[in-house]
Amino acid sequence: MTYLLALDQGTSSSRSIVFNALGQVVAQAQQELTQQFPQPGWVEHDPLDIWRTQLATARQAMTNAGISAYEVSAVGITNQRETTVVWHRRTGLPIHNAIVWQDRRTEPTCKTLRQGGLTACVQAKTGLLIDPYFSGTKLKWILDNVPGARQQANNGELAFGTVDSWLLWQLTHGAVHATDISNASRTMLFNVHTNQWDNELLQMLDIPTSLLPRVQPSSSLFGEVCADILGSPIPIGGMAGDQQSALFGQACFTPGMVKNTYGTGCFMLMHTGHTFQTSHNGLITTSAAQTTPQPEFAIEGSVFVGGAVVQWLRDGLHAIPSSNHVQALAESVPDAGGVMVVPAFTGLGAPYWQPDARGSILGLSRGSTLAHIARAALESIAFQSAALLQAMSRDAVAAGGVAVAELRVDGGACVNDLLMQFQADLLGIPVIRPAVIETTALGAAYLAGLATGVYQNKAQLSALWQAEKRFLPQMPPALAQERMSQWEHAVRQTVLKPAA
Ligand SMILES: Nc1ncnc2c1ncn2[C@@H]1O[C@H](COP(=O)(O)OP(=O)(O)O)[C@@H](O)[C@H]1O
Ligand SMILES: O=P(O)(O)OC[C@H](O)CO
């Protein structure tokens, strides 16, 4: 039997999954990751905690599968993107906590860059908007604020990496310092056309090149897990940022194919093939996971609060004892009764980009109950995702293509049938849930399997993809349009600032 081990290092947890060659889950293990909030708007992780939890889950998943390292053909790594780690090359010790993608501390630097008229240049080279979300300004912050760091960097003593690089360094006992194209594309330091670090961007942020990892295609041999770590050496054949990995795991390989991951946030990606397509509707362009050095791209939109609104119902409102009770509560009423929840708890992401917006509940009446609010909260996940998909379709049509024809879904909240049906109703296209919804980890396993000969080509992976359930639109299109208009109205109400 052939097995592939995927290490899926996410924002809230480290997870490892053992797959068989058919792409089926054999066993898994998961550990929560401690979140640190040293100041308002700051989010950090302990890099050693990231490594400790990831290693523990890898060992546990293999134990749960009842297999030894000899039986694992390859390891694939997928990770929370943009999160920035800097460590000392000699000791292997981090010089600061990892600065997490959600961290907003570098907004002043970003503002200066924007005011300096650099937006168009950054967008043309990287596909990104200038935002604290991406790694570049986080790396600059560490060099500027950790005593002695800049000098050490100039001496070539430090290494920078996103979480994939950090795990790779640990798995190889410091022998390999590398990253993949999809992760590099999230740093704001990488030219996605040439697939190389960009000198002009490095100078813009004062980043010495000696810090940077080597960049490889997402499916390629990165190194070998040292024998003492999992029991015997295993090739590391795949690395990709988690959203690009999910796009790969969903077998979205051709232009126009779209997936949406419903996790804490929602991340929607549309493959655009070898074409670098700039969005005119508030989305960003990013490198897709690549099996060759030839650039491949995707258009991406992110919703900051997706499944997290269900956590808020559970932990904030105490409306449900656990997330899987939300469907029953929402279904206890026939509709949201005119209630609209806009979960702008940390502002609104694409396509609105309203960092200062905060959440609101609109349309309350004397008859409104927790059930109506729960239903409206669930619907808000679908409304936000629909706004992304509509923006994507507009981009696709403007680029001479066609509107999106179907949506493949994954992530923890896609198990919710009510949500998926409402999503299909709003979009007017089929929403398809695959048999394996762990597509983030599956993508990393596939990338690793392709590099090591377990799979021969992507066509083989497309053939493995299987639908578990198709949700077809049932709502009359006019009503769906009216509901979307109500949502857009609620968003406008939410972002309007009260008069001073
Ligand atoms: N039955 C459900 N209905 C709606 N949301 C759910 C359900 N079960 C879990 N969730 C939500 O899914 C999210 C977890 O999904 P997951 O893919 O594990 O997220 P992440 O990778 O971001 O940690 C949580 O925000 C949780 O509230
Ligand atoms: O770890 P997740 O699933 O929250 O994903 C985080 C994204 O990669 C951030 O860009």
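All values below were derived from every heavy atom in this structure, side-chain atoms included, with hydrogens, water molecules and symmetry-related copies excluded. These numbers come from a predicted model, not from an experiment. Ligands are counted one by one from 1 in listed order, and the atoms in each one are counted from 1 as well.
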Protein contact to atom 20 (P) of ligand 1 [nearest heavy atom, distance to 0.1 Å]: Thr264 OG1, 3.5 Å
How does Val415 reach ligand 1, if at all, at less than 4.0 Å between non-hydrogen atoms: by side chain, backbone, both, or neither? side chain
Electrostatic pair Arg81-Glu300, nearest N-O below 4.0 angstrom: yes
Kindly indicate whether the side chain of Arg483, heavy atoms from C-beta on, has any atom under 4.5 Å from the side chain of Met340. yes
Identify the protein heavy atom lying closest to atom 12 (O) of ligand 1, giving its residue, its atom name and the separation to 0.1 Å. Ala413 N, 3.5 Å
Would you tell me whether Asp242 and Thr78 have side-chain atoms, one donor and one acceptor, within less than 3.5 Å of each other? no
pair Phe248-Leu442: side-chain heavy atoms closer than 4.5 Å: no
Any idea how His193 and Phe276 line up, ring-wise: parallel (<30°), tilted (30 to 60°), or perpendicular (>60°)? tilted
Give a yes or no on whether a salt bridge exists between Asp417 and Arg433, defined as a side-chain N under 4.0 angstrom from a carboxylate O. yes
In terms of atom number and element, which parts of ligand 1 are under 4.0 angstrom from non-hydrogen atoms of Gly411? 17 (O)
Return a yes/no value for Gln311: is any of its N or O atoms, backbone included, closer than 3.5 angstrom to an N or O of ligand 1? yes
Under 6.0 Å between the ring centres of Phe383 and Phe422? yes
Number the atoms of ligand 1 from 1 as they appear, then name those within less than 4.0 Å of a heavy atom of Ser12, with their elements. 23 (O)
With no hydrogens and no angle check, is any side-chain donor or acceptor of Asp164 less than 3.5 Å from a backbone partner on Asn79? no
For atom 4 (O) of ligand 2, what is the nearest protein heavy atom, given as residue, atom name and distance? Thr11 OG1, 2.9 Å
Look only at the side chain of Lys138 and the backbone of Asp103, and say whether a donor-acceptor pair between them is shorter than 3.5 Å. yes
Which heavy atom of the protein is the closest neighbour of atom 9 (C) of ligand 1, given with residue, atom name and distance? Ser323 CB, 3.7 Å
May I ask you to decide if the ring planes of Trp169 and His177 are parallel, tilted or perpendicular, using 30° and 60° as cut-offs? perpendicular
Numbered in order shown, the ligand 2 atoms found under 4.0 Å of a heavy atom of Phe267 are 7 (C), 9 (C), 10 (O)
I'd like to check which ligand 1 atoms, numbered from 1 as shown, lie under 4.0 Å from a non-hydrogen atom of Asn324. 1 (N)
Salt bridge check: are Glu406 and Lys259 linked by an N-O gap of less than 4.0 Å? no
Residue Tyr133 vicinity, atoms of ligand 2 by number, heavy atom under 4.0 Å: 9 (C), 10 (O)
Between ligand 1 and Asn416, is the shortest N or O to N or O distance under 3.5 Å? yes
With heavy-atom distances below 4.0 Å as the criterion, list the atoms of ligand 2 near Gly10. 1 (O)
Any N/O pair Gly412/ligand 1 closer than 3.5 Å: yes
Within the 4.0 Å heavy-atom shell around Ala308, which atoms of ligand 1 are there? 25 (O)
Under 4.0 Å to a heavy atom of Gln243 - the qualifying atoms of ligand 2, by number: 5 (O)
Is Arg186 in polar range of ligand 2, meaning some N or O pair under 3.5 Å apart? no
If you measure every N or O of Asp242 against every N or O of ligand 2, does any of those distances drop under 3.5 Å? yes
Taking both backbone and side-chain atoms of Gly307, is any N or O found less than 3.5 Å from an N or O belonging to ligand 1? yes
As an exercise, identify every atom of ligand 1 less than 4.0 angstrom from a heavy atom of Val310. 4 (C), 5 (N), 27 (O)
So, does Ser13 use its side chain to make a donor-acceptor pair with the main chain of Glu32 at under 3.5 Å? no
Please list the nearest protein heavy atom to atom 18 (O) of ligand 1 with its residue and the distance rounded to 0.1 Å. Arg15 NH2, 4.0 Å
Is it true that Arg375 and Glu331 make a salt bridge, defined as a side-chain N closer than 4.0 Å to a carboxylate O? no
Counting each atom of ligand 1 from 1 as listed, which ones have a heavy atom of Val326 under 4.0 Å away? 3 (N), 4 (C)
Is there a polar contact between ligand 2 and Glu82, counting only N or O atoms under 3.5 Å apart? yes
Over 60° means perpendicular and under 30° means parallel, so classify the ring planes of Trp141 and Trp42, tilted if in between. perpendicular
Could you say whether the N/O atoms of Thr264 and ligand 2 ever approach to under 3.5 Å? no
